[in-house]
Structure formats: structure tokens, C-alpha cells
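Keep in mind the model is a prediction, meaning the values are calculated, not measured.
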Amino acid sequence: MTERPAPVLVFTWGNPSRGDDALGPLLHDRLLEKQAAGRLPGVDLLTDFQLQIEHALDLRQRDCVVFVDASVSVPAPFGFGPLQAEEDVAYTTHAMSPGAVLSVFSRVEQRPPPAAFLLSIRGYEFGLGLPLSAAARGHLDAACVFLEQWLAESGYPGGSCVTG
Amino acid sequence: MSNRLETAENPEQLKRVVIEPLTRVEGHGKVTLLQDEDNRIRQARLHIVEFRGFEKFIQGRPYWELPVLVQRLCGICPVSHHLAAAKATDMLVGSSLTPTAEKIRRLMHFGQTLQSHALHFFHLCSPDLLFGFDDEVRHRNIVGVIEDHPEIAKQGVLLRKYGQEVIRLTAGKRVHGTGAIPGGVNKSLDRGERDYLQADIEQIIEWSQGAVDLIKQVFLEQLDYHLEFGATDSNMLSMVAPDGSFDIYHGGLRARDPQGGTIFDHVDYTRYSDYLQEGVKNWSYMKFPFIASLGLDNGWYRVGPLARVNNCDRFTTPLAEQARGEFLAIGEGRPVQAALAFHWARLIELLHCAEAIRELIDDDDISGRELVQRGDMQPVGIGVIEAPRGTLFHHYEMDDDGLVTRANLIVSTTNNNQAMNESIRQVASHYLDGNRLTEPMLNQIEVAIRAYDPCLSCATHALGKMPLEVSLVGPDGQVRDRLEKRAGDVVCPTPA
């Protein structure tokens with residue numbers, strides 16, 4: 001019923017109405033514009049408010065997935081690196097780490113998850129109704145340029161992922 | 001309904017235990033336990049940062065934006081806010097919904113509740129119940145569930161996914177849906193969409209039934225323990241249909257006392273402020289709603305699955321109704337008050353949602369073309385639904401230009417505020433009698449909190465994975481002990 005998805009998935013998340021938490025969704029919008037212009041072949045783009053367990057199913061049949069999130073701890077303008085599956089412990093359903101999504105995938109699918117990377121963009125203000133901060137906007141610009149270049153040079157789609 | 005531990009006589013002489021989840025932004029909770037010189041728990045308070053600023057966020061916006069705008073309030077419950085706001089705007093535009101519009105919204109709500117309950121059970125509650133509270137933390141999560149019960153965990157993910165598909169088809173999009181609009185909906189389901197949902201619904205019902213059977217078995221295996229843990233007598237508030245049956249989309253308000261006696265029934269929810277008031281306490285920003293006729297001390301209540309299953313007269317679907325009877329039997333004639341019974345009740349609702357979805361996708365009204373109906377504009381709109389975590393109130397007022405001038409929201413977690421405090425106090429009194437902080441002690445508190453699955457307003461997602469920090473502070477203000485709990489790193493002592 002469903003055709004094979006694109007080999008690369010860029011999954012962004014965050015709340016567009018909470019200041020710099022919008023970094024992920026805004027990157028999503030920019031990548032959509034690039035796709036509309038015929039760029040980023042072989043890449044699927046998904047965005048959501050939160051990471052949750054069902055997102056493990058979006059990783060099916062992927063060669064590589066890039067998670068993109070705002071962060072208050074990464075050095076500006078952004079950080080990027082490989083991501084490993086990890087267990088998650090929480091007392092509410094209101095948060096899940098990308099590593100935990102990979103872990104759910106491997107257990108549910110009974111095989112290793114696709115190669116995964118985390119792009120963390122530095123943010124500063126997260127209040128409800130706040131706009132994107134000026135500093136975060138600059139970081140978004142830098143992260144967007146980096147990600148497009150990385151996607152082009154990484155060997156995807158259809159090749160092996162550069163994990164260095 | 002005692003508040004004896006809430007305010008100790010000489011708090012300056014007490015030691016303080018702080019259990020503080022640290023999040024990167026907001027939405028964190030903190031448990032403060034005050035001990036006396038004999039290491040007994042004298043005070044227990046749960047602090048949750050309620051989402052603030054939503055009135056300002058909403059004021060001045062046109063009313064027709066509300067159903068979409070309010071989804072930004074919470075990343076976990078956007079559909080609940082979407083539907084509550086849509087109901088309020090129905091009132092603003094003087095609408096009486098068409099059968100198609102109401103059934104599409106109900107279908108969306110059943111999908112939302114199904115996916116939310118599936119997430120809670122399989123991600124949070126099942127490790128507690130399947131492995132026990134003293135199991136190694138590394139094991140007590142969904143990965144542990146998958147290792148030991150691979151089919152159950154996979155079912156949980158697929159149940160959740162099915163609910164998301166129901167939302168996508170009824171709301172138009174996977175996230176930030178626009179399905180419900182003032183006076184109706186903007187789409188119905190075509191034959192292909194109904195067939196798509198039909199294809200898996202029997203499997204979904206079977207898995208939901210299996211989840212109910214599982215939790216019943218687990219609960220009954222240690223019945224006394226499960227009945228005692230976090231139990232506290234409370235009033236129960238929920239919405240019910242006009243005939244008293246279970247209804248999470250529309251109906252009147254019903255409140256019952258701890259013995260099951262009726263406090264009020266079939267109250268028009270637009271008059272909620274005549275029956276419910278919101279109290280304040282000087283140690284918490286979150287309000288404390290209570291039943292006005294009973295006062296602040298005795299009028300607090302619980303909402304959510306436990307209240308709904310206790311309060312309703314019947315389920316309209318056969319499997320859920322049978323499950324309700326088995327659940328109520330453990331109360332021996334009284335409402336079931338155990339905190340962990342939330343989990344059982346939640347799965348009965350999951351089963352009902354699955355059955356109700358099957359009924360609706362068989363109903364040709366959901367393919368109807370009469371989507372919107374409007375009447376005379378009104379200045380005030382109030383919408384109430386039973387969200388997955390409990391009763392959710394949206395109240396708006398607008399000016400002649402259709403701009404919102406006032407907004408008041410009472411969310412499920414606020415309704416459960418006092419009840420969560422009471423459950424934590426009960427657990428703390430039983431299990432934290434000492435001056436050493438240990439991992440099992442943290443687990444007990446977490447288990448009690450998890451039963452309610454409080455909404456922590458983290459529409460910002462928390463990449464810090466919500467680590468939990470526990471500090472023991474003596475009467476002299478010095479930290480005597482501290483534990484920090486992080487995903488993957490479990491629990492590690494840190495220097496005081």
C-alpha cells in the first residue's frame with residue numbers, strides 16, 4: 001500500500017510558538033522551500049511538536065536520519081554529531097529523546113536503527129508567544145547552510161553515511 | 001480527605017527533601033518533603049509550573065483562529081485543546097453541529113484518546129506494573145518492556161500510530177490540524193479513508209482487549225498492594241452523557257463524593273463557575289480547583305480516567321462495559337480510589353475508544369457533506385471536553401469585532417492538582433521514613449506522579465530528558481544528601 005520512503009529523513013521538532021523552540025520547525029520550512037526548488041533529492045522532511053514512540057516507525061526503510069532540535073546547552077551556533085540508541089527514563093509522557101526513539105526502533109523492528117545524527121541549534125528564549133531571537137535566527141542560517149551541504153556530501157541518498 | 005501533612009506547625013525546624021526534575025526550559029515539577037527531627041514526613045508538596053501567559057497569547061486574536069492557535073499550548077495534547085476551543089467557538093457563532101460535524105469530531109477525539117492512552121500505558125505505566133517498583137531503573141522503561149514482552153511493546157507503538165492516523169484523516173494534517181472550525185468541521189471522510197481505517201480496526205480492538213486483560217491480571221495479582229499505593233479518598237468529577245453513560249466529547253458535569261453519593265449531576269458546563277472555584281495557596285503558582293458547595297478543604301476532586309470510569313453509569317460499547325463491571329468490583333460498592341487504578345481505568349477507555357472508532361467508521365454520516373452550521377453570534381463561548389488526562393475547560397469572551405478579550409482555561413492537571421499532592425503525601429508517609437535518599441524511594445514518588453501523567457506544559461520538548469534531582473537539606477539549610485537521575489546514567493550520587 002505504501003511505496004518505499006526516501007532513504008534520508010530529516011526530522012525536526014519543537015513548538016513554533018515558543019520562541020527559539022521554533023528552530024526545528026523553521027529549519028523544516030526552509031528545507032521545504034529548497035525541495036520545492038528541486039533541491040534535496042532523496043530526502044523526506046517531517047516535523048512534530050514532540051518526539052514520541054510512534055516516530056520510530058518513520059525510521060523504517062531509511063538509510064540515514066538527521067534529528068534537528070533547539071538546545072540550550074550546545075555551543076553556538078550549532079552542534080552536529082552521530083547519535084546512538086539510548087534508554088530513556090521519564091515520569092511523564094511529555095518528553096522523549098532521539099536516542100530513545102532509535103532504541104524503540106531497534107527493539108520493535110528487531111534490527112539496528114539507521115545511521116542517525118543530531119543537529120542541535122543553540123537557542124535562548126522559549127516563552128510562549130515569543131518570537132525567534134535574533135541570535136537564534138543567525139544560528140538557524142548557519143545550521144541550514146551546513147545541513148544542506150552535509151546532505152550533499154555525505155553520500156546520501158543511496159550511499160554509505162559518513163559518520164565522522 | 002485530610003490535609004494534615006500540608007502545613008506543619010513548625011516548618012523552620014524541619015529537614016527538607018527536594019525532588020526536582022530539571023528541565024532546560026520550563027514545565028518542570030518538584031517534590032518537596034519536609035522531615036522532622038525524627039525523620040518522619042511532615043510536609044509533602046508537589047510543585048508544577050503551570051503554563052502561564054496563555055491569556056496574553058490569546059487576547060486580541062480573532063475568535064476563528066482559536067481552534068488552531070491553542071494547539072500551540074501543549075505538544076502532547078494539541079487535539080484536546082483544538083476540540084475544546086472549537087466547542088467554545090461553536091457557542092460564539094451560535095452553532096448547533098450537523099451530525100457529520102459532530103461525528104467527525106468525536107472520531108478525532110477517540111483517535112486522540114486512544115493514542116494518548118496507548119503512549120501512557122506502554123511507555124510509562126507498564127514497566128511499573130510489569131516489573132515492580134524496585135526493578136532496576138535501566139530495565140524499567142519501554143526498552144525493558146520490549147525485551148521481556150516484545151509483542152506488547154510493538155502493539156503499543158502500533159496502537160499509538162493508529163490513533164495518529166485517525167487524527168491525520170479527521171484533522172487534515174499529522175500535526176497542527178485544522179479539522180474542527182467554528183460551527184463544524186472542514187472535511188469529512190471519503191470511502192477510501194474509511195476503508196483505510198477499517199482495515200486495521202479489528203486488530204486494534206483485539207490488542208486493546210489484550211491490554212485490559214493484562215492490566216487486570218497484574219493488578220489483581222497484588223490486589224492489596226495496588227489498592228493501597230497512593231490511595232486517597234476524593235470526590236470525582238467528569239462529564240457524562242444525558243443518560244449517564246460514558247461520554248468524553250459532550251455532556252453534563254457529574255460530581256460524586258468518596259462514597260459514591262451524588263454532589264451534583266447533569267450540570268450544564270457553561271455554568272461551571274457556579275459549581276467550581278479555583279483556590280490559591282502561597283507555595284504554588286498552580287491553582288487548586290474545588291467544588292464550591294464543599295469548600296477548599298473538602299471540595300477538591302479527581303478527574304481523568306479513574307473519575308470517568310467510576311462516575312459513568314455504563315459504557316455504550318460491549319467490551320468496555322464488561323471491563324467496567326470487573327473494575328468496579330474491586331471497589332466493593334464504593335468508587336475505586338487507588339492511584340494505580342488510573343492505569344486500569346485508562347485501558348478500559350482505550351478499549352472503548354477502539355470500539356467506538358469501529359462504530360463511527362461504519363456510520364455513513366462521517367461521509368456527509370453538511371459540514372458547518374452557524375446561527376447568531378454570542379459574546380461568550382465555553383467549551384468543555386474530557387481530555388485524556390481529565391476535564392478540560394476553555395472559556396472565551398470576545399468584542400464586537402470578534403477579537404478575544406478574555407480567556408480562562410482550566411486544564412486537566414490543574415483539576416488534579418490537590419489529588420496529586422494527596423497521593424504523594426500518602427506514598428511519602430509510607431515509604432520515605434528515613435534520612436537517606438535511595439533510588440527505590442525516588443521510584444515510589446515517580447510511580448505516584450506517573451499514575452496521573454501530569455501535563456508539564458512542556459510544549460517545549462526537553463532535550464535534557466528531564467533528569468530528576470533529589471536533595472536532602474537539614475534544618476541548618478545545608479545539603480546533606482543528593483541524588484541525580486538521568487536517562488541512561490540511572491542514579492548517581494553527587495557531592496553535597
About how many Å separate [atom2] of [Y] and [atom1] of [X], when rounded to the nearest 0.5 Å?
| X | Y | atom1 | atom2 | answer |
| --- | --- | --- | --- | --- |
| A/Arg18 | B/Phe57 | CZ | CZ | 8.5 Å |
| B/Glu165 | A/Glu54 | CD | CD | 10.0 Å |
| A/Leu57 | B/Gln164 | CG | CD | 10.5 Å |
| A/His55 | B/Arg160 | NE2 | CZ | 7.5 Å |

- prompt: Would you say A/Glu125 has more than 12 foreign heavy atoms packed within less than 6.0 Å of its CD?
  reply: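 No, because the 6.0 Å sphere around CD of A/Glu125 holds 12 heavy atoms or fewer from other groups.
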query: For A/Gln84, does the CD atom have more than 12 heavy-atom neighbours from other residues, nucleotides or ligands under 6.0 Å away?
result: no
task: Tell me, please, which residues at least two apart from B/Asp195 pass salt bridge (charged side-chain N to carboxylate O under 4.0 Å, His left out).
output: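 B/Asp195 satisfies salt bridge (charged side-chain N to carboxylate O under 4.0 Å, His left out) with B/Arg191 once adjacent residues are dropped.
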Pairing residues for A/Glu148 by the salt bridge (charged side-chain N to carboxylate O under 4.0 Å, His left out) criterion, not counting sequence neighbours: A/Lys34, A/Arg39
query: Among A/Leu46, A/Thr47, A/Asp58, A/Asp20, which has the most heavy-atom pairs under 4.5 Å with chain B?
result: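 Top option by heavy-atom pairs under 4.5 Å: A/Asp58.
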field: Non-hydrogen atoms of B/Val157 and A/Ile53 that approach each other most closely
entry: CG1-O, 4.0 Å
